[in-house]
Trainee: 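Sharing a structure, written as C-alpha cells. Questions coming.
Labels below follow one simple rule: chain letters A, B, ... track the order of the sequence lines, proteins then strands, and each chain is numbered from 1. None of the values given here were measured: they were computed from a predicted structure. We use all heavy atoms of the structure for the numbers below, so side chains are in, but hydrogens, waters and symmetry mates are not.
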2 protein chains.
Amino acid sequence: MGASKTASFSVEQNEMANLFKALAHPARIAIVDYLLSVDTCICGDIVEVLPLAQPTVSQHLKELKNANIIKGTIEGTAICYCLNPETIDKIEHHFGAIRQKLKNKCC
Amino acid sequence: MGASKTASFSVEQNEMANLFKALAHPARIAIVDYLLSVDTCICGDIVEVLPLAQPTVSQHLKELKNANIIKGTIEGTAICYCLNPETIDKIEHHFGAIRQKLKNKCC
DNA sequence: TTATTATATTGCAATATTACGATATTATAA
DNA sequence: TTATAATATCGTAATATTGCAATATAATAA
C-alpha cells in the first residue's frame with residue numbers, strides 16, 4: 001500500500017503523529033531554530049537563511065503552518081512568521097506525561 | 001528529487017528530525033502508548049494489540065529501535081521491549097529549551 | 001531429531017514526500 | 001496604470017514510506 005491506516009488509530013494518536021511529521025525534516029527544524037534565534041517575528045528572510053529554493057521553503061512553511069507549529073500574519077509585502085507557544089506546550093506536555101508514567105515503572 | 005538535503009543541515013538538526021520521523025506515524029505512537037500502559041516490559045503481545053499485520057508491526061518496532069526510542073532484549077522465545085528514558089528526556093529537554101527561549105520574546 | 005512459537009527479512013505494489021523550475025498571486029512603489 | 005518585491009501554487013521527477021504475503025530465522029518443546 002503506502003497509505004497509513006489512519007482510521008485504525010485514535011484521534012489523539014493521529015494528532016501527535018501529525019505534529020511529529022511536521023517536525024520530521026531538518027529544514028523544518030532549521031526554520032524553528034531560526035525563528036527562535038531572531039528577536040522579533042518579522043522574518044521575511046527565511047528563504048535566504050536556508051539552503052533550499054524559495055518554493056521548497058514555502059512548502060515547508062506551509063506544513064509547519066498546517067500543523068499549527070507556526071503562525072503567519074501578513075506584514076505589508078512580507079509575511080511575519082512566529083512559533084505558536086500553544087503547540088510547543090502541547091508537545092512538551094506529551095513528553096512530560098510519558099516521563100511521569102516511566103517513573104512509576106521498573107525498567 | 002525526493003531525497004532530503006541532509007548534508008545541508010547541522011548534525012543536531014538531522015538528529016532531531018530523525019527522532020521526530022520515528023514518531024511520525026500513529027502506529028508507532030500507539031506502540032509507545034502501549035509500552036506505557038503495561039506494568040512490566042515483557043511485551044510479546046504488541047502484534048495482537050495493533051490493527052496491523054505482524055511484518056508491519058515488526059518494521060515499526062525496528063524504526064523505533066533504530067531511533068533509540070525503545071530497547072529490545074531477548075527473553076526466551078519472545079522479545080522484551082521497553083521505552084528508553086534517555087531518548088524521552090532528550091526530546092522533552094528540546095521542547096523545554098524552546099519554551100525557555102520563547103519566554104524571552106515578545107510575540 | 002522434528003514440531004511449534006515468536007520475531008525478522010525479502011520483495012513488491014500503492015501512496016507520500018521532497019525539491020525545484022515555471023508561473024501565479026498579492027501588495028506596495030513609481 | 002506599470003514595475004517591483006515577496007510569497008504561493010502548479011507540475012513533475014526522484015526518492016521514501018507503508019503495508020502485507022511469503023519466507024526465513026531463532027529459541028524452546030516434544
Side-chain angles (χ1 to χ4, degrees), chain A residues 1-9 13-14 17-31 34-35 40-67 69-82, chain B residues 1-9 13-14 17-31 34-35 38 41-67 69-82:
Chain A
M1 306 252 166
S4 299
K5 292 181 88 176
T6 301
S8 305
F9 299 97
Q13 287 168 340
N14 279 297
N18 279 330
L19 275 180
F20 294 132
K21 194 183 286 183
L23 292 169
H25 193 287
R28 297 195 287 271
I29 298 288
I31 289 173
Y34 180 68
L35 286 180
T40 67
C41 278
I42 299 127
C43 329
D45 47 350
I46 294 180
V47 172
E48 271 115 81
V49 174
L50 293 181
L52 296 169
Q54 180 268 325
T56 308
V57 175
S58 187
Q59 197 176 280
H60 284 306
L61 286 168
K62 189 181 181 183
E63 280 170 68
L64 287 171
K65 230 187 316 180
N66 286 343
I69 292 168
I70 63 175
K71 295 184 279 191
T73 35
I74 295 161
E75 198 81 27
T77 174
I79 288 195
C80 156
Y81 282 114
C82 285
Chain B
M1 306 250 164
S4 298
K5 293 180 88 175
T6 301
S8 305
F9 299 98
Q13 287 167 340
N14 279 297
N18 280 331
L19 275 181
F20 293 132
K21 195 184 284 183
L23 292 169
H25 193 289
R28 297 196 287 271
I29 297 289
I31 290 173
Y34 180 67
L35 286 180
V38 291
C41 279
I42 298 128
C43 328
D45 46 351
I46 293 180
V47 172
E48 271 115 82
V49 174
L50 292 181
L52 296 169
Q54 180 267 325
T56 309
V57 175
S58 187
Q59 195 176 282
H60 283 306
L61 286 168
K62 190 181 180 184
E63 282 170 67
L64 287 171
K65 230 186 318 180
N66 286 342
I69 291 169
I70 63 175
K71 294 183 279 192
T73 35
I74 296 161
E75 199 81 26
T77 174
I79 288 194
C80 156
Y81 282 114
C82 285

Trainee: Whole-Å distance between dA5(D) C1' and Asp45(A) CG?
Mentor: 14 Å

Trainee: Could you check how far NZ of Lys62(A) sits from C1' of dA19(C), rounded to whole Å?
Mentor: 15 Å

Trainee: Assign a letter to each nucleotide of nucleotides 16-22 of chain D from its 5' end: B, base within under 4.0 Å of a protein heavy atom; S, sugar-phosphate only; -, no contact.
Mentor: -BBBBBB

Trainee: Figure out the CG/P separation between Leu61(A) and dA6(D), and round it to whole Å.
Mentor: 15 Å

Trainee: Name each donor-acceptor pair under 3.5 Å that joins a side chain in residues 51-58 of chain A to protein atoms two or more places apart or in another chain, with its distance.
Mentor:
none

Trainee: Check whether any side-chain heavy atom of Tyr34(A) lies under 4.5 Å from a side-chain heavy atom of Asp45(A), and answer yes or no.
Mentor: yes

Trainee: With rounding to the nearest 0.5 angstrom, report the CG to CD1 distance, Leu61(A) to Ile31(A).
Mentor: 4.5 Å

Trainee: Would you say the side chain of Asn18(B) lies within less than 4.5 Å of the side chain of Asn66(B), judging by non-hydrogen atoms?
Mentor: no

Trainee: Phe9(B) versus Leu50(A): any side-chain heavy-atom pair under 4.5 Å?
Mentor: yes

Trainee: Check whether any side-chain heavy atom of Ile70(B) lies under 4.5 Å from a side-chain heavy atom of Lys65(B), and answer yes or no.
Mentor: yes

Trainee: Grab the OH-P distance between Tyr81(B) and dA8(C) for me, whole Å please.
Mentor: 4 Å

Trainee: Which whole-number value in Å describes the distance from Glu48(A) CD to dA5(D) P?
Mentor: 12 Å

